[in-house]
Structures are given as structure tokens and as C-alpha cells.
Number of protein chains: 2
Amino acid sequence: MVAGVSRQAPSGFRFITRSAAQTRILDAALKLIAEHGAAGTSLQMIADAIGVTKAAVYHQFKTKEQIVVALTERELGGLEEALEAAEAHDDFPRAREELLRRVIDLAIERRGAASTLQFDPVVVRLLAGQEQFQRFIQRLYGVLIDDTSEDARVSAAMLSGAIAVGVMHPLVAGVDDDTLRSQLLRFTHRLIGAPEESGAGDGG
Amino acid sequence: MVAGVSRQAPSGFRFITRSAAQTRILDAALKLIAEHGAAGTSLQMIADAIGVTKAAVYHQFKTKEQIVVALTERELGGLEEALEAAEAHDDFPRAREELLRRVIDLAIERRGAASTLQFDPVVVRLLAGQEQFQRFIQRLYGVLIDDTSEDARVSAAMLSGAIAVGVMHPLVAGVDDDTLRSQLLRFTHRLIGAPEESGAGDGG
DNA sequence: GTCTATATAACGATAGAC
DNA sequence: GTCTATCGTTATATAGAC
């Protein structure tokens with residue numbers, strides 16, 4: 001699945017630039033969605049959080065849906081780069097290793113921002129209707145799953161949950177980034193059956 | 001933490017009986033919350049799903065919050081039994097092993113019902129204010145985490161995510177229960193560093 | 001880019017009849 | 001146990017001034 005894959009055109013998440021006003025909205029929206037869910041986050045709440053009126057928010061994004069889409073684009077942008085780098089490898093284990101390492105780095109960097117979106121049913125529903133995201137997810141699976149066996153699919157599902165929850169669970173709130181990263185890598189390798197490394201000294 | 005633990009009083013999830021009308025409401029609510037989130041599920045949607053009016057729903061549950069609480073009580077009820085059985089063991093690895101096996105069984109049985117609730121921020125917020133649930137979660141941690149090391153906490157967080165997502169992820173939608181159970185047990189043992197079993201023949 | 005003001009709909013919740 | 005009808009509030013979204 002990875003060997004001989006043609007370098008696909010970027011989905012285009014990376015090069016979207018946002019104004020300062022838009023960035024403030026997205027920051028506030030992410031925080032509120034994490035606390036109340038996408039359905040439970042109103043435009044009024046977002047407006048209040050950044051100290052403007054609803055109309056000002058609507059001037060930046062035509063609908064609430066567009067805010068969610070823009071938010072997901074932003075949080076998935078870093079993964080696009082990692083995905084392309086992983087696809088460049090021509091053997092499966094190295095591609096997966098590379099991708100997982102970067103996924104973990106990003107997950108820790110943003111401490112559950114993507115996880116929040118990943119588990120929100122409103123976000124999931126919305127993105128299910130967007131071809132751009134579905135293609136992206138399919139590419140991710142292509143690197144993470146080496147065959148079509150149920151074994152590999154269950155493993156990938158568990159891995160995605162382990163990483164996503166591993167960075168956002170209340171139990172790890174007090175764990176510093178470096179410790180969390182080395183633990184996540186260790187358990188991830190254990191889960192996929194790869195040899196565990198002794199040193200954790202990989203810069204980010 | 002487990003050795004010498006005194007058999008605590010049940011939180012009382014198990015013995016709540018519900019009328020047929022209440023059960024219909026909870027069934028509909030669970031399905032809708034999985035699709036739209038708790039905040040995105042209105043009383044009108046629940047009423048429409050079972051073919052009654054909003055007022056009929058309010059006759060069974062005084063508020064929307066009570067529906068969510070009742071739903072969580074119902075889905076966590078099976079775990080209470082498993083937790084007590086696990087606490088009866090006086091050595092840690094066996095207690096954890098026993099609990100994890102039952103958690104996986106229940107997760108598969110209901111295919112992500114509890115996972116849905118676990119990841120919904122509205123549900124999390126609501127239960128955070130209920131002492132009954134907080135005590136229950138603390139008891140769960142007591143069996144799953146053997147010490148207070150960050151290592152153990154990260155491991156427990158990842159494990160919880162791996163199981164929860166492992167049963168509800170789209171990738172495993174077509175995997176039959178027995179296959180899913182043996183895979184979940186295998187990867188769970190791998191994650192906690194326990195020896196993997198060869199046979200999966202354990203009745204339910 | 002932000003404001004006030006408003007239109008229209010849906011929300012949670014209650015009262016009272018059957 | 002279910003209904004109709006309603007209250008007060010909030011939701012998404014828009015128009016038009018500054």
C-alpha cells in the first residue's frame with residue numbers, strides 16, 4: 001500500500017492563511033468546543049469569549065459549520081506534512097514509524113486539540129460529507145495499516161484511541177511533554193509489535 | 001491500592017428499574033447522542049424518535065440532564081459488578097486482569113455505548129458534578145493503576161482510549177464480536193506488559 | 001472590522017385536559 | 001401515560017450604519 005505510492009497532491013490544508021480576527025475566533029472556538037462540544041458551542045459564546053458581537057463573528061465565517069471546518073483544517077495541517085514525509089518511504093514499517101512519531105508529537109504539542117475534534121459527533125458528521133477530509137483519512141490509513149486484515153484494522157483503531165486519549169485524559173494532565181512523549185512512543189511500539197527504544201532523546 | 005481494600009458499598013447503579021416508557025426514551029437518547037452529541041440532542045428529537053410529544057418525555061424525566069444521568073447509570077451498571085469482583089482479588093495483576101476482561105466484554109456487548117458517553121463533553125461535565133460517579137471512577141482507577149507513577153497513569157489513559165475507540169471506530173464496524181474480543185485482549189495485554197494468551201475460548 | 005437591531009426558528013420546561 | 005398549548009429564552013443568520 002505504501003510501496004510505489006505516487007506522491008499525491010496535497011489536500012491543501014497547509015497554505016490557508018487566516019487574519020488575526022479569524023485566528024482569534026478559531027482559538028476561542030476550539031476551547032469552547034472542547035468544553036461544551038460543537039453542538040453546545042454557540043456563536044454568542046464565541047463572540048463573548050473574544051469580546052465582540054455575534055455579527056462580527058459572522059463577518060469572518062458565514063456559518064458555524066465553516067468555523068468547524070476551518071478549525072479542523074488548521075489542526076490537521078501539521079499532519080499533512082507528516083503524511084507526505086511518511087509516504088515518501090518505500091517500506092511499510094519505516095513509513096508507519098515516521099508517521100506515528102509525528103502524530104504523537106503533534107498530539108502532545110496541541111494536547112488534545114485534534115482529539116477533541118476527532119471525538120465530536122457533530123465534527124465527524126460534518127467532515128464525513130467533505131471529500132477533502134475523507135481522502136486525507138484514507139491516506140492516513142494507507143500508511144498505518146499494512147494489509148486489509150481485521151487484525152490490522154483493530155490494531156489501528158486501538159492505536160488511534162490510545163494516542164488521542166493518551167494526551168487528553170485527566171490522568172495525564174500533570175505529565176510533562178517529554179515524559180508523555182516517551183511513554184506514548186513506548187506503548188505505541190508495544191502495541192504495534194515494534195522494538196522499543198531505550199533513549200527518548202529525539203528533538204522536536 | 002487493591003490489597004486490603006475494604007469492600008465498598010455499591011454506588012447503586014445496578015438496582016434501578018425503569019418503566020417501558022423510560023427504557024424507550026433512554027434507548028432513543030443513546031442513539032441520538034451518539035449521532036449528534038448530548039448538546040445536539042433535543043427533547044423534541046427524542047420524542048419524535050419514539051413517536052410521542054415532548055411533554056410525554058418530560059413526564060418520565062424532569063429535565064434533559066436527568067436523561068443523561070439515567071443513561072450513564074444504565075450503561076455503567078454492568079461495570080459495577082465487574083469492579084466489585086475485581087476488588088475481591090487481593091493481588092493487583094489479577095484484579096486488573098479480571099476488570100479489563102469484563103470491561104472489554106461490556107464494551108463489545110454494547111459496541112461503544114459507554115464510549116459515546118465517555119467522550120461527550122456535556123456528559124463529562126455533568127458527571128463531574130456528581131459525587132456518585134466520581135467515587136466510581138476513583139475505584140476504577142484504584143484497580144487499574146498500581147502505583148502513582150506517571151508511567152502507570154499514561155498507560156491507564158492510553159488503555160482506556162484503546163478499548164473505547166477499539167470497539168466504536170469505523171474501521172472495526174465489520175469485525176465480529178469474537179474476533180474483536182480476542183484482538184482487544186491481545187493488544188491490551190501487550191499494552192500492560194502481561195503475557196498474551198493463545199486461546200480465546202472464554203465464555204461470556 | 002465591528003456595531004445595533006431584527007427576523008425566524010428551535011430550545012428547555014410547565015400547566016392543565018383526557 | 002399522553003396530549004395541546006404556551007412561556008421565556010436562546011439559537012442561527014441577516015441588514016444596514018459606522
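Naming: A, B, ... by sequence-line order, numbering from 1 per chain. These numbers were taken from a predicted model, which means no experiment stands behind them.
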| request: Grab the two heavy atoms, one from E150(A) and one from D176(B), that are nearest each other, plus how far apart they are. | output: OE1-OD1, 4.2 Å
| message | Before you tell me yes or no, could you show the steps for I104(B) and I163(B) under side chain to side chain contact (heavy atoms under 4.5 Å, CB included), namely the whole-Å CA-CA distance, both residues' side-chain angles and the distance that decides it to 0.1 Å? | response | CA-CA 7 Å; I104(B) 289 171; I163(B) 295 173; 3.9 Å; yes
| field | Between C1' of dA15(D) and NZ of K62(A), the distance in whole Å | value | 13 Å
| remark: note: Q66(B), atom CD; dG12(C), atom P; distance rounded to Å ~ 15 Å
| said: Does dT10(D) have its OP1 or OP2 closer than 4.0 Å to a side-chain nitrogen or oxygen of S42(A)? | reply: no
| query | Nearest heavy-atom pair of T72(B) and L117(B): which atoms, and what distance? | reply | CA-CD1, 4.0 Å
| message | Atom CZ of residue position R18(B) - does it have more than 12 heavy atoms of other residues, nucleotides or ligands inside 6.0 Å? | response | yes
| message | Could you tell me how far apart F61(B) (CZ) and dG1(D) (P) are, to the nearest whole angstrom? | response | 11 Å
| query | Which residues, if any, of residues 32-41 of chain A bring a heavy atom under 4.0 Å of DNA chain C? | reply | none
| query | Of the nucleotides dG12(C), dT12(D), dG1(C), which one has an atom closest to the side chain of K64(B)? | reply | dG12(C)
| task | Please check if the distance between the ring centroids of F136(B) and Y141(B) is under 6.0 Å. | result | no
| Whole angstrom value for the distance that separates C1' of dC11(C) from CD1 of I67(B) | 14 Å
Contacts under 3.5 Å, N or O only, protein and nucleotides 2-6 of chain C:
from: dT2(C); atom 1: OP1; to: R24(A); atom 2: NH2; distance (Å): 3.4
from: dC3(C); atom 1: OP2; to: T53(A); atom 2: N; distance (Å): 2.5
from: dC3(C); atom 1: OP2; to: T53(A); atom 2: OG1; distance (Å): 2.9

| message | Please determine whether side chain to side chain contact (heavy atoms under 4.5 Å, CB included) holds for the pair V165(B) and L159(A), giving the CA-CA distance in whole Å, both sets of side-chain angles, and the decisive distance to 0.1 Å. | response | CA-CA 9 Å; V165(B) 176; L159(A) 194 52; over 6 Å; no
| query | What pair of heavy atoms forms the shortest contact from S115(A) to M168(A), and how long is it? | reply | CB-SD, 3.3 Å
| task | Would you kindly give the CG-to-P distance between D48(A) and dT12(D), to the nearest whole Å? | result | 12 Å
| request: Round to a whole Å and report the spacing from CD1 of I46(B) to P of dA10(C). | output: 17 Å
| request: Could you check how far CG of L43(A) sits from P of dA7(C), rounded to whole Å? | output: 20 Å
| Atom-to-atom span, CD of Q44(A) to P of dT9(D) - whole angstrom | 15 Å
| Any salt bridge between E65(B) and R125(B), counting N to O under 4.0 Å? | no
| task | Can you label the angle between the F119(B) ring and the F119(A) ring as parallel, tilted or perpendicular, going by 30° and 60°? | result | parallel
